[in-house]
Amino acid sequence: METAFWPDAQLNYTNGFSGGRDEFIAWANNLHETLYARHQHHITNQHVDLDAGGDVAHVESYVIYLLRTSGGRQDFGAGRYIDIIERRDGEWRIALREFIPEMRFSEESLYNDATIPPFARGSWDRSDLSYTRPLQRRDASEAVNRLPDAFPITPSA
């Protein structure tokens, strides 16, 4: 996260946080580590308005986020990032961010440590499967068919 923002960046997340980059990183990491077992953030549509000088961009980005709590809830939310991105010495980074939340709901998660086999569980370090080189094929006998009944996988007719 550190490289996405200038050291003097200001970040505002509604009533939850308003402050500088380093404080934001500590706040966000603590929040995610304390409350969530898994999380993903997806940036979707973006609108970029480049200032005439070419070194400042006003950017609106839509974000979808999925958060699985340690207690087994699955939170889904969406909102927008309103950013000022500046180019300094040829490098672009975020100088100012406003997060605008727009929707969120929570349900019981169909996935948990009982339904996801150990080799398929993500981690936030180099033990994650994405770091395996080369990625090896698994034998068909290792196929996992332990999804909950509420989420069956059936061939389409």
*Flag the pair Leu11 / Phe99 as yes when at least one side-chain heavy-atom distance between them is below 4.5 Å, and no otherwise.*
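Not touching, per the 4.5 Å side-chain cut-off.
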
_Interatomic distance, Glu33 atom CD to Ser70 atom OG [nearest 0.5 angstrom]_ = 11.0 Å

*So how far is it from His41 NE2 to Tyr65 OH, rounded to the nearest 0.5 Å?*
8.0 Å

Table please: side-chain donor-acceptor pairs of residues 79-86 below 3.5 Å, with sequence neighbours left out.
| residue | atom | partner | partner atom | Å |
| --- | --- | --- | --- | --- |
| Arg80 | NE | Glu102 | OE2 | 2.7 |
| Arg80 | NH1 | Glu60 | OE2 | 2.6 |
| Arg80 | NH2 | Glu102 | OE2 | 3.1 |
| Asp83 | OD1 | Arg97 | NE | 2.8 |
| Asp83 | OD2 | Arg97 | NH2 | 2.9 |
| Glu86 | OE1 | Arg88 | NE | 3.0 |
| Glu86 | OE1 | Arg88 | NH2 | 2.7 |

*asked:* Please check: side-chain N/O of Trp6 versus main-chain N/O of Ala95, any donor-acceptor pairing under 3.5 Å?
replied: no

*Would you find a donor on one side and an acceptor on the other, under 3.5 Å apart, between the side chain of Thr132 and the backbone of Leu135?*
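No; judged by distance alone, with no hydrogens or angles, the pair does not exist.
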
*Using the six-membered ring wherever Trp is involved, compare the ring planes of Phe24 and Trp27 and label them parallel, tilted or perpendicular (cut-offs 30° and 60°).*
tilted

*Is Arg21 paired with Asp8 through a side-chain N to carboxylate O contact shorter than 4.0 Å?*
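Salt bridge flag = no for Arg21 with Asp8.
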
_Quick test of your reading of the model: are Arg73 and Glu107 salt-bridged, counting only N-O distances below 4.0 Å?_
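Here Arg73 does not pair with Glu107 in a salt bridge, since their nearest N and O are not under 4.0 Å apart.
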
*Taking all heavy atoms of Thr34 and all of Asn30, pick out the closest pair and write down the distance.*
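Heavy-atom minimum between the residues: OG1-O, 2.7 Å.
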
*Taking atom types as modelled, is there a side-chain donor on Gln10 or Ser18 under 3.5 Å from an acceptor on the other?*
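Yes, because at least one side-chain N or O of Gln10 sits under 3.5 Å from a partner of the opposite role on Ser18.
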
*For atom CG of Asp125, is the number of surrounding heavy atoms from other residues, nucleotides or ligands below 6.0 Å larger than 12?*
yes

